[in-house]
Each structure stands twice: as structure tokens, then as C-alpha cells.
Amino acid sequence: MRIGIGTKVEEGKFQFTVAAPFLPALQMTMVRNDSEVAKAPQYHFFYGGERCGAMWRRTPNGGGESYLSGHIESPLFAGGKMEVAAFVAKVGGEGLMDLVWTPPRPARANDSDHAGSDRDAF
């Protein structure tokens, strides 16, 4: 589910309008992190001047376009975080990013018990 669109405002900085379900639209900034620490995030999210999330660059297994994956932090989200990913927008022009959220799937006791059942066919 697309929950936001980001616009490049300068090199290493994007302004996002984030509209998560059941929350008003928020203006957030994603800024490149210039840290040289190996596992440090490549970007941080800020809201109202406070850091509220982080994003790491990912490359899909088997190739394809890289994207950013991480989270936005808030006490409003289960576990305090909402996992998100950002991709170069397919529509709208250069310098735009789509921010997407996939709801977490509830874990089943044993996923293999349901393999091949009709209810998993769709």
C-alpha cells in the first residue's frame, strides 16, 4: 500500500507527505546519513526536527533496482515501528519516490501445515 510520496528538494534530502491509514497526512523529511559506520542507515527520517526513523539501501536477490527499506518510529504503531520501503516512483517524473507499507502477516503455528490447501490458492 502506498502511504507517501517523496520529492527531492536537494541532493540527499527528500520531503515526504505520509498518509498512513487512520492518521492525518504528515510532512516528514528523509536526509542522507553521511556516517561511515558499516551498518549505519543510509537515510534518517525527521518529523518536527526529531529523528523518527531510518532507511537502509537494499538490492533484490537476483538483481533489479535497489530500494530503501527501514522504519518510521511512533508510539502509535504496534511495537513502536512501521516497516516501510521507498522506491523510485514509476509515475510522476524524476526526483520522486513512493513510500510503501505492507501490513505484517500474523505468524501461523506451522505454515507448512497449510501448504497446498485451497484456502491458500488466492
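By convention here, the first residue in the shown sequence is residue 1. Keep in mind the model is a prediction, meaning the values are calculated, not measured.
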**Request:** Apply ring pair (Phe, Tyr, Trp, His ring centres under 6.0 Å) to Phe87 and list each qualifying residue two or more places apart in sequence or on a separate chain.
**Result:** Tyr67
**Message:** If the condition is ring pair (Phe, Tyr, Trp, His ring centres under 6.0 Å), which residues does Phe16 pass it with, not counting sequence neighbours?
**Reply:** Phe45
**Request:** Could you walk me through whether Ile5 and Leu99 pass the side chain to side chain contact (heavy atoms under 4.5 Å, CB included) test, one step at a time?
**Result:** CA-CA 6 Å; Ile5 187 84; Leu99 187 68; over 6 Å; no
**Message:** Applying side chain to side chain contact (heavy atoms under 4.5 Å, CB included) to Ile3 and Met82, what does each step give before you reach the verdict?
**Reply:** CA-CA 11 Å; Ile3 61 165; Met82 178 171 56; 3.6 Å; yes
**Prompt:** With a cutoff of under 4.5 Å between side-chain heavy atoms, which Ile, Leu, Val, Met, Phe, Trp and Tyr residues group with Trp56?
**Reply:** none
**Shortest non-hydrogen contact from Ala89 toward Asp98** = CA-OD2, 3.7 Å
**Message:** Is the shortest side-chain heavy-atom distance between Glu94 and Val88 below 4.5 Å?
**Reply:** no
**Residues that, via side-chain heavy atoms closer than 4.5 angstrom, fall in one hydrophobic cluster with Val37** = none
**Prompt:** Got a sec, which pairs hit side-chain hydrogen bond (donor to acceptor under 3.5 Å, both in side chains) with one end in residues 15-32, sequence neighbours left out?
**Reply:** Gln15-Thr29, Thr17-Gln27
**Message:** Between Tyr47 and Met97, is there shared hydrophobic-cluster membership here, with clusters defined by ILVMFWY side-chain heavy atoms closer than 4.5 Å?
**Reply:** yes
**Asked** Does a side-chain heavy-atom distance below 4.5 Å link Leu68 with Met30?
**Response** yes
**Request:** Assess whether side chain to side chain contact (heavy atoms under 4.5 Å, CB included) is satisfied between Met28 and Ile72, documenting all intermediate values.
**Result:** CA-CA 10 Å; Met28 300 177 76; Ile72 297 173; 3.8 Å; yes
**Item:** Check: Phe14 and Val9 side chains under 4.5 Å, non-hydrogen atoms
**Value:** no
**Asked** Would a hydrophobic clustering, with Ile, Leu, Val, Met, Phe, Trp and Tyr connected at side-chain separations under 4.5 Å, put Leu23 with Val84?
**Response** yes
**Prompt:** What residues, two or more places apart in sequence or in another chain, satisfy side-chain hydrogen bond (donor to acceptor under 3.5 Å, both in side chains) together with Glu10?
**Reply:** none
**Message:** Are the side chains of Met55 and His44 in contact, using a 4.5 Å heavy-atom criterion?
**Reply:** no
**Request:** Identify the two heavy atoms, one from Leu96 and one from Val91, that lie closest to each other, and give their separation to 0.1 Å.
**Result:** CD1-O, 4.2 Å
**Request:** Check whether any side-chain heavy atom of Ser69 sits under 4.5 Å from a side-chain heavy atom of Glu83, and report yes or no.
**Result:** no
**Prompt:** Phe77, Val18: one ILVMFWY side-chain cluster at the under-4.5 Å cut-off?
**Reply:** yes
**Prompt:** Counting distance only, does the side-chain N/O of Glu73 pair as donor-acceptor with the main-chain N or O of Lys81 below 3.5 Å?
**Reply:** no
**Message:** Under a 3.5 Å distance rule, please check whether Arg51 uses its side chain to pair with a backbone N or O of Gly53 as donor and acceptor.
**Reply:** yes
**Prompt:** Do Glu65 and Lys90 pass the salt bridge (charged side-chain N to carboxylate O under 4.0 Å, His left out) test, and can you show the C-alpha distance, the side-chain angles, and the key distance before you say yes or no?
**Reply:** CA-CA 12 Å; Glu65 287 187 48; Lys90 302 286 186 214; 3.6 Å; yes
